[in-house]
Structure formats: structure tokens, C-alpha cells
Engineer: 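I'd like to ask you about the structure that follows.
None of the values given here were measured: they were computed from a predicted structure. Ligands are counted one by one from 1 in listed order, and the atoms in each one are counted from 1 as well.
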Amino acid sequence: MKDFQLIVNFKTYDNATGNNALELAKIHEKVAQETGVGIAIAVQAVDLRHVAEEVSIPVLAQHFDFVRNGVHTGHVTAQALKDSGAYGTLLNHAERRIDLDDIEESVDLARQLGLFTIVCADTPYTGKAVAALNPHMVAVEPPELIGGDVSVCTANPQILMDAVAMIDNAPVVIGAGIKTKEDVAHAIKHGASAVLVASGVIRSMDPEQTLRELAQGVIEGQKGAVEHTL
Ligand code: G3P
């Protein structure tokens with residue numbers, strides 16, 4: 001299993017789509033190689049193959065549709081992700097929610113195909129519920145802070161504390177509004193296994209420099225990490 005502490009969601013930002021996605025992915029690979037911090041990226045389904053073929057860091061999908069192959073026009077299947085070279089996928093992101101039953105079946109199917117799963121949740125309580133479905137990681141992101149300038153670590157640090165305390169059977173990822181080295185260091189220090197970021201990197205004037213700073217936050221957070229047991 002590949003280890004990563006930063007997950008950058010390219011969402012549907014123009015500068016993270018198509019050829020821009022590839023260019024940005026290469027910057028992520030470069031920073032990962034130079035800092036030694038594990039970085040994964042989540043790209044649009046149509047960008048998976050051309051990005052995954054060109055970079056060595058884990059490339060995730062942002063979602064898949066729980067349908068078996070066959071008569072489902074317009075859907076993106078787990079098998080298609082796998083064949084495109086995806087390392088894994090986000091599921092149930094705040095911008096792409098799915099029913100709890102579908103999360104369970106999606107996680108099972110992804111596992112059968114060897115896809116890594118990061119299931120998102122809006123609160124630590126929901127995180128605990130989805131952790132019971134056996135994903136590889138659970139990402140807690142309060143939706144009201146996504147895309148904003150105030151990070152979850154600043155607005156309500158208790159969310160991370162609760163998530164780490166309550167979700168004892170899966171590594172916890174925290175996200176929403178994270179933009180600084182200090183946010184990342186805080187999250188890692190207090191038990192997050194990884195941080196999920198989008199606008200902080202993608203909308204930065206200098207994504208490479210921002211990534212370096214966030215990677216430094218991982219390193220500093222790991223040095224000061226409080227012991228947490230899974
Ligand atoms: O998937 C990451 C995300 O939802 C957080 O977005 O822009 O607040 O870092 P952002």
C-alpha cells in the first residue's frame with residue numbers, strides 16, 4: 001500500500017483539468033520526490049489514464065457509480081477506473097454524496113478490484129458510521145468550510161479531536177479550508193493520517209511553492225505527533 005499524507009483534489013478546476021491536470025500532477029510528483037512526503041491526487045475520471053500513465057504518485061478518482069458493467073449509459077464504473085490506472089477513489093465527497101447502502105457496496109466492489117477507498121463524511125459521527133464499512137481511510141470534512149478561507153483546524157479543532165477519538169478502525173483524513181503549513185502540522189500532530197486539500201493548492205498563485213509548504217507542515221506535524229493507536 002502506498003503511504004501518503006497529502007491528498008490534493010483537483011475537482012473540476014480549469015487549471016486542474018485535461019492537459020493542465022497532467023502539468024499539475026507532475027508538479028505534485030516533483031514535490032513528493034523532493035520532500036519525501038507522500039502526495040496523492042484525485043483527478044476527473046477522463047483525466048485518470050493520461051495522468052496515471054505519466055506520474056508515479058497515487059492517482060485517485062473522485063467518485064464512481066455503483067453499477068455493474070452493462071446497460072448504464074453515462075456512468076463511470078469501478079472497473080473503468082481500475083483499467084485507467086487509478087490507484088483508488090474518493091467516495092461520498094460532499095460535492096458527490098451517495099447513499100449509505102451504495103457506499104457499502106461501492107467499498108466492497110472497490111476492494112474486490114484492488115482499489116484504495118477514501119470515504120468522506122461531514123462529521124466525526126458520520127465518519128464513524130462509514131468507517132464500519134471498511135474503507136481504507138475516512139475523510140472528515142465539514143461541508144460549510146469547504147472552499148473557504150477558514151480551515152477546519154482553525155474554525156473547530158474539536159472536529160479532528162472527535163474524529164480521531166471516535167474512528168478507531170480506519171486512518172482519519174481531515175479537510176476543508178486547509179491552506180497553510182500550520183494547518184497541516186496541526187492536523188498531523190493531532191492524529192490525522194493525511195490532509196485533504198483542494199483550493200489551497202489548486203487556486204494558489206504558485207501551487208508548487210504551496211505544496212512545498214504543506215509538505216513541510218507534514219514533516220513538522222510528524223515530529224510533534226501525539227501517539228494515537230488504531
Ligand atoms: O476534497 C477536498 C475538499 O473538499 C476541500 O476543499 O478547497 O476546502 O481545500 P478545500
Engineer: Angle between ring planes, His186 versus His190, binned at 30° and 60°: parallel, tilted or perpendicular?
Structural biologist: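 Plane angle between 30° and 60°, so tilted.
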Engineer: Among all the protein's non-hydrogen atoms, which is closest to atom 2 (C) of ligand 1, and how far away is it?
Structural biologist: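 Result for atom 2 (C) of ligand 1: Glu141 OE2, 3.2 Å.
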Engineer: Would Tyr13 count as being in polar contact with ligand 1, using the rule that some N or O on each side must be under 3.5 angstrom apart?
Structural biologist: no
Engineer: Any salt bridge linking Asp65 with Arg96? Criterion: basic side-chain nitrogen under 4.0 Å from a carboxylate oxygen.
Structural biologist: yes
Engineer: Would you say the side chain of Asn9 lies within less than 4.5 Å of the side chain of Gln62, judging by non-hydrogen atoms?
Structural biologist: yes
Engineer: In this structure, are over 12 heavy atoms from other groups packed under 6.0 Å from Glu23 atom CD?
Structural biologist: no
Engineer: Evaluate the side-chain proximity of Leu91 to Pro135: yes if any heavy-atom separation is below 4.5 Å, no if none is.
Structural biologist: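 Side-chain contact under 4.5 Å: no.
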Engineer: Against ligand 1, does Gly175 come closer than 4.0 Å with any heavy atom?
Structural biologist: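 No, that is not the case, since the closest heavy atom of the residue is not under 4.0 Å from the ligand.
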Engineer: Checking side-chain polar atoms at under 3.5 Å, does Ser151 have a donor or acceptor matched by the opposite partner on Lys179?
Structural biologist: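 No, no side-chain donor-acceptor contact under 3.5 Å.
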Engineer: Any atoms of ligand 1 less than 4.0 Å from a non-hydrogen atom of Ala176? List them with their elements.
Structural biologist: 8 (O)
Engineer: Considering both backbone and side-chain atoms of Gly147, is one of its nitrogen or oxygen atoms within less than 3.5 Å of a nitrogen or oxygen in ligand 1?
Structural biologist: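 So ligand 1 has an N or O lying under 3.5 Å from an N or O of Gly147.
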Engineer: Which is closest to atom 1 (O) of ligand 1 by heavy-atom distance: Gln62, Arg203, His93, Arg96?
Structural biologist: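 The option holding the nearest heavy atom is His93.
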Engineer: May I ask you to check if ligand 1 and Glu95 share an N or O to N or O distance below 3.5 Å?
Structural biologist: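 The answer is no, given that Glu95 and ligand 1 share no N or O pair closer than 3.5 Å.
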Engineer: Counting each atom of ligand 1 from 1 as listed, which ones have a heavy atom of Val197 under 4.0 Å away?
Structural biologist: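 Matching atoms, with element in brackets: 9 (O).
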Engineer: Would the distance check show the side chain of Asn92 and the main-chain N or O of Ile98 forming a donor-acceptor pair, the cut-off being under 3.5 Å?
Structural biologist: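 Yes, the answer is positive, given that a donor and an acceptor are paired below the 3.5 Å cut-off.
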Engineer: Ile146 to ligand 1: N or O pair under 3.5 Å?
Structural biologist: no
Engineer: Is there a side-chain contact between Phe10 and Ile202 (heavy atoms, below 4.5 Å)?
Structural biologist: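 Phe10 reaches Ile202 side chain to side chain.
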Engineer: Find all atoms of ligand 1 within a distance of less than 4.0 Å from any non-hydrogen atom belonging to Gly177, and give their numbers and elements.
Structural biologist: 8 (O), 9 (O), 10 (P)
Engineer: Could you check, using the six-membered ring where one of them is a Trp, whether His136 and Tyr87 have ring centers closer than 6.0 angstrom?
Structural biologist: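 Ring centroids of His136 and Tyr87 are no less than 6.0 Å from each other.
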Engineer: Give yes or no for whether the N/O distance cutoff of 3.5 Å, strictly under, is met between Asn9 and ligand 1.
Structural biologist: yes
Engineer: Regarding ligand 1, does Leu196 bring an N or O atom to under 3.5 Å of one of the ligand's N or O atoms?
Structural biologist: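 Min N/O separation from ligand 1 is not below 3.5 Å for Leu196.
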Engineer: Among all protein heavy atoms, pick the one closest to atom 9 (O) of ligand 1 and tell me residue, atom and distance.
Structural biologist: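 Ranked first by proximity to atom 9 (O) of ligand 1 is Ala198 N, 2.8 Å.
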Engineer: Consider only side-chain heavy atoms of I, L, V, M, F, W and Y, link residues closer than 4.5 Å, and tell whether Ile146 and Leu214 are in one cluster.
Structural biologist: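 Ile146 and Leu214: separate clusters.
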Engineer: Students should be able to answer this: which protein heavy-atom is nearest to atom 6 (O) of ligand 1, and at what distance?
Structural biologist: Lys11 NZ, 3.3 Å
Engineer: Tell me: protein heavy atom nearest atom 7 (O) of ligand 1, and distance?
Structural biologist: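 So the nearest neighbour among protein heavy atoms is Ser199 OG, 2.5 Å.
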